[in-house]
Protein chains: 6
Amino acid sequence: MGIHTYFQSLTDLERIIRCPGKFKFQAHSVSEHSWKVVQYAKTLADIEESNGVTVDWKKLYEITSSHDYGEIFIGDIKTPVKHHSLELRAMLQQVEEGMVAHFIDEHIPDEFKPIFRRQLREGKDDSVEGLILEVADKMDQVYEAFAELQRGNTEKEFIVMYRTALIKIKEIKLHCVDYFLKHILPDLVREGTRSPIDIETITNEALSS
Amino acid sequence: MGIHTYFQSLTDLERIIRCPGKFKFQAHSVSEHSWKVVQYAKTLADIEESNGVTVDWKKLYEITSSHDYGEIFIGDIKTPVKHHSLELRAMLQQVEEGMVAHFIDEHIPDEFKPIFRRQLREGKDDSVEGLILEVADKMDQVYEAFAELQRGNTEKEFIVMYRTALIKIKEIKLHCVDYFLKHILPDLVREGTRSPIDIETITNEALSS
Amino acid sequence: MGIHTYFQSLTDLERIIRCPGKFKFQAHSVSEHSWKVVQYAKTLADIEESNGVTVDWKKLYEITSSHDYGEIFIGDIKTPVKHHSLELRAMLQQVEEGMVAHFIDEHIPDEFKPIFRRQLREGKDDSVEGLILEVADKMDQVYEAFAELQRGNTEKEFIVMYRTALIKIKEIKLHCVDYFLKHILPDLVREGTRSPIDIETITNEALSS
Amino acid sequence: MGIHTYFQSLTDLERIIRCPGKFKFQAHSVSEHSWKVVQYAKTLADIEESNGVTVDWKKLYEITSSHDYGEIFIGDIKTPVKHHSLELRAMLQQVEEGMVAHFIDEHIPDEFKPIFRRQLREGKDDSVEGLILEVADKMDQVYEAFAELQRGNTEKEFIVMYRTALIKIKEIKLHCVDYFLKHILPDLVREGTRSPIDIETITNEALSS
Amino acid sequence: MGIHTYFQSLTDLERIIRCPGKFKFQAHSVSEHSWKVVQYAKTLADIEESNGVTVDWKKLYEITSSHDYGEIFIGDIKTPVKHHSLELRAMLQQVEEGMVAHFIDEHIPDEFKPIFRRQLREGKDDSVEGLILEVADKMDQVYEAFAELQRGNTEKEFIVMYRTALIKIKEIKLHCVDYFLKHILPDLVREGTRSPIDIETITNEALSS
Amino acid sequence: MGIHTYFQSLTDLERIIRCPGKFKFQAHSVSEHSWKVVQYAKTLADIEESNGVTVDWKKLYEITSSHDYGEIFIGDIKTPVKHHSLELRAMLQQVEEGMVAHFIDEHIPDEFKPIFRRQLREGKDDSVEGLILEVADKMDQVYEAFAELQRGNTEKEFIVMYRTALIKIKEIKLHCVDYFLKHILPDLVREGTRSPIDIETITNEALSS
């Protein structure tokens, strides 16, 4: 009943664990992930700005901070399901959006409804801000999967996650992606050399695919 | 890859937590829940037998032990989503079944495929065994929600869960349901009298609804 | 106090951790173990049936699902103690059985007492069902220990557990044991090749011992 | 060595627990707290804007998302220490700032150094954005402490935390504070009526102090 | 293998949880318990000394710090088992001592064997030091059980534990017991007044029993 | 208000985790660490005595058991901060001592004040007992860091911790240090040979530095 309901619901995302089911040495909650996405996006936007690109910081703030809020209603639907079929994927997104809309209708005071509708929309559009969000979101998959591989986690899912996220990132045309591939990723790969899994080869294959 | 892939996947259900997002004093994994359903169902079937009903123990074994195996693929889809609309619910079930079918096709040796297809089907049909499974599954919701309410958990979701499960149970025509309502539920309610939440009233309202 | 006391006690097994004391990357509760034993046993029994053996599914259901219920009273007595001396082992079993008997006397209504006495008895006899339970129970030790070795756990206890369980399994004369050794174990060993511990050699030594 | 070191360090805040030592029903990591502060601040800024106040969203983004980054170096120094003496408090802040400066000098590439120095500075100044951060930070103490009190946590520290945070908030002159006191806090207090602790009285005393 | 084996084994007690099976808001490891016993015993001995009693601090050090080391071998055998019958209790103690003796024989160098045999013996004899250990050990049960009751834990086991420990303590003739009953226990009971469980009445009944 | 406040505060150290922020396979609470320090110190003192050195067991008991009690007030201040500058280090120690003094003034009855002031002082002086405490404290860093390295933890902090602790130990002139270096450390290093990190080389470098 009011903004309080929204504020109080935020803590639910601390109890939704990413990548449920699979063994991991360190679990991450959706809110921990969300905070890192906010942080990555900030630096990625700084890189864009330093290359002369104009960033709408209010929009970037809104879409990065809330990008997984809908998981409060549908949980972290496991990635294989998301991609099982385009039909299902569309249906799931429809449901998530329907439940967010329902939540706003029921709990958010009228004067804030338009603001919340804008903030809780799917933010991954083709604007600079939408693309930065996509890169930041995938970058956290790279970091999460890397940390597991580095410690010797043998679940194949983390190799797939690492690979897929890298491929998604490299296809996005942004200055910050160039910076990531040239200056950040090599440092990360270098740290993985002690891993029982050959992270360097996986990385190279993903980048040249 | 054979039966090994199936056996190894079972442990994934230890890392999928029921009712994700909501605060709870004690979390339960899907495999812990599954074991309790197996146990309740055994006693419920004993009660049916003692009332002269014939129980197909092989079928009961198969459907109770595997009834949530599909959650390995789609996680514990949050109850609100399940019931958001009949259309979505049907779609989700279709997906879960599709993924189970896909798993069997890919990993289970040909000679076992028919067995696994039968075992991993939706078991809640109108047979005695299917109804017992439904009662046992809901009974665990009663016990899980009760334990939270008894310890003072104020999340409304557990009141809803307790109430809804009781209503579902009382509508099923089985001797074991009569036994549960007459001999088991009163003992449970009696233990809840120290709770800050009025469990007795909630129970009575559910039973007379 | 009736069946309620029994149903409510089941959740205690979620708080008893197997192999207490030893470091492990993933802990398993007794109820999680119990569910996997139920699942393995089902497939093992399917293999027996497909070889023409008759399985008493009700008995199998009863003994697999309840086989560690007694640990509610005595905890997961550490394996070294169990095997310290035959005298102690016998004494411990006597105590566990005494406490189970006491529980039934005190809490289970008269009309169910014979049923519970049968269900909560030690199930590992020389019948097909008793032998399947023994195989399924040991198979979970193989899987639990394997997962630790594969992730680089250096506690010697897991090598001992893996080895001892394999030796126990191979000595049992069942069709499903042949199937396990020929079709399941090789897949498992193949997955362990990236482990810092030489699982293949340990396996071969156990099988030829 | 570069931005990678910074990105990788972010996950450390998932392992620093707020309010260490005290018993709590739900623990929160510093990164979970940080994400909620980002979210509250966004809505608080929306309220300011709807009252005609101009918000610098880039600045707000920078100071809210990074406001506790320094805890990577000094941990969550317990509140009593922070306030033990003004001398110590100043010294601690000096140390935290020194370590952040040292981190930037050592790891951040020259072209980003000015950006990181600005972002990782103490953000709680007298600007609208600085005040919003202060309100959002204290608001999370209100929510965290409330959740403990509501569940019956008897540690006095949470009463003190709730009270002190409320007093800090009400002294800040912002439209969003008025909104919080008039529209959000009453909803929260209403939910606490079942608590064994008299949250309403504590709230009223804090507001009239 | 030498003293190293002993030193390394100490960490095992961090993974053995006291009172396994029962629901508790806060779990305690055996090593956490052991440290508190060491601390209580120190103050109890100070009270004895201030009443003119001579304390052998070396003996007190040895028996308090090691008093639960044997649980490394047999786990935290659940209290009900310990008291099930005098016969079993004696047998269990015999086993624990046998396993400790075996460990010393196998791992401790000859020159330290007598020292370890003395230190790892059962310390609860009738000397001042032995009685102080008994009081300190029971005092931790009082504190552990009290904390659960105060937070509204409804497991009957904690009422029994609190009561039984108090009765054991009051029967021991030591100055520090007088001090505990007169100066410490009343402060503790006063803190429990907000609990849904009537701790004061339970305390009074135990003391007058 | 009295000794009760002190006794009850002890449990807080179970909720303060050593080395916060850094990834670790096994976390240790300050009270678990404290208990191991008590245990190591006991054996180290036995070694001194067997070399003819007189040990004041009461003093050793007091300083080892309480050596980290002050962390109740300031948490486990991260090691890098402690060593950032001599000025800060002195300031932090001053604060910790101030808060301990304040606690004693406020809560400990007058007749016990001198005892608590002596017990809760910094114990690492140049006496045999103070040096044994220093060795025991560093020895636990060796064991904690070793266990992480052995399991493949790639955080550099644990290499630094292992190295630094070894260097500190070898500089202390005690019989027990000789024994540790000659008889205990080699056994430990031998166990680390399967680690992906070259523990033997790190050890040798530390010892010859």
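Side-chain atoms are counted along with the backbone in the values below, which use heavy atoms only and exclude waters and symmetry mates.
- For C:Pro109, the part sitting under 4.5 Å from any heavy atom of chain B is the side chain, from C-beta outward, and nothing else.
- Interface remark: B:Glu144 contributes no atoms to any contact with chain C (heavy atom separation under 4.5 Å).
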Check against side-chain contact (heavy atoms from CB on, under 4.5 Å), B:Leu60 and C:Trp57: CA-CA 9 Å; B:Leu60 189 69; C:Trp57 286 92; over 6 Å; no

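- Between B:Phe146 and C:Gln8, the closest side-chain pair of non-hydrogen atoms falls below 4.5 Å.
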Salt bridge (charged side-chain N to carboxylate O under 4.0 Å, His left out) evaluation trace for B:Glu32 with C:Arg15: CA-CA 10 Å; B:Glu32 288 169 334; C:Arg15 304 186 203 100; over 6 Å; no

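- Only the side chain of B:Tyr143 comes within contact range of chain C, judged by heavy atoms closer than 4.5 Å.
- Checked against the 6.0 Å centroid threshold, C:His4 and B:Phe180 do not count as a close aromatic pair.
- Both the backbone and the side chain of C:Leu188 come within less than 4.5 Å of a heavy atom of chain B.
- Separating the OG atom in B:Ser34 from the NZ atom in C:Lys36 is a distance of 12.5 Å, to the nearest 0.5 Å.
- Using a 4.5 Å cut-off between heavy atoms, C:Ser50 does not touch chain B at all.
- When heavy atoms are compared at a cutoff of 4.5 Å, C:His33 does not approach chain B at all.
- The CD1 atom of B:Ile115 sits 11.0 Å away from the NZ atom of C:Lys42 when rounded to the nearest 0.5 Å.
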Worked verdict on C:Ser29 versus B:Glu14 for side-chain contact (heavy atoms from CB on, under 4.5 Å): CA-CA 9 Å; C:Ser29 69; B:Glu14 297 171 37; over 6 Å; no

Test side-chain contact (heavy atoms from CB on, under 4.5 Å) applied to C:Gln39 and B:Phe7, step by step: CA-CA 8 Å; C:Gln39 294 287 82; B:Phe7 279 178; over 6 Å; no

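- Across all their heavy atoms, B:Thr64 and C:Tyr61 have their closest contact at OG1-OH, 3.5 Å.
- Close approach to chain C, defined as a heavy atom under 4.5 Å from one of its heavy atoms, is seen in B:Gln119, B:Met139 of residues 118-140 of chain B, taken by number.
- The distance between the ring centers of B:Tyr179 and C:Phe112 falls below 6.0 angstrom.
- Only the side chain of C:Glu111 comes within contact range of chain B, judged by heavy atoms closer than 4.5 Å.
- Nearest approach of C:Trp35 to B:Ser65, heavy atoms of both residues: NE1-O, 2.9 Å.
- Against chain C, no residue from residues 200-209 of chain B qualifies, as none has a non-hydrogen atom under 4.5 angstrom away.
- Residue C:Ile184 holds its CD1 atom at 11.0 Å from OH of B:Tyr6, rounded to the nearest 0.5 Å.
- For the pair C:Lys58/B:Val55, no side-chain contact is recorded, criterion being any heavy-atom separation below 4.5 Å from C-beta on.
- With a 4.5 Å cut-off on non-hydrogen atoms, B:Leu10 touches chain C through its backbone and its side chain both.
- Here the CG-CD1 distance, from B:Leu44 to C:Ile3, works out to 9.5 Å after rounding to the nearest 0.5 Å.
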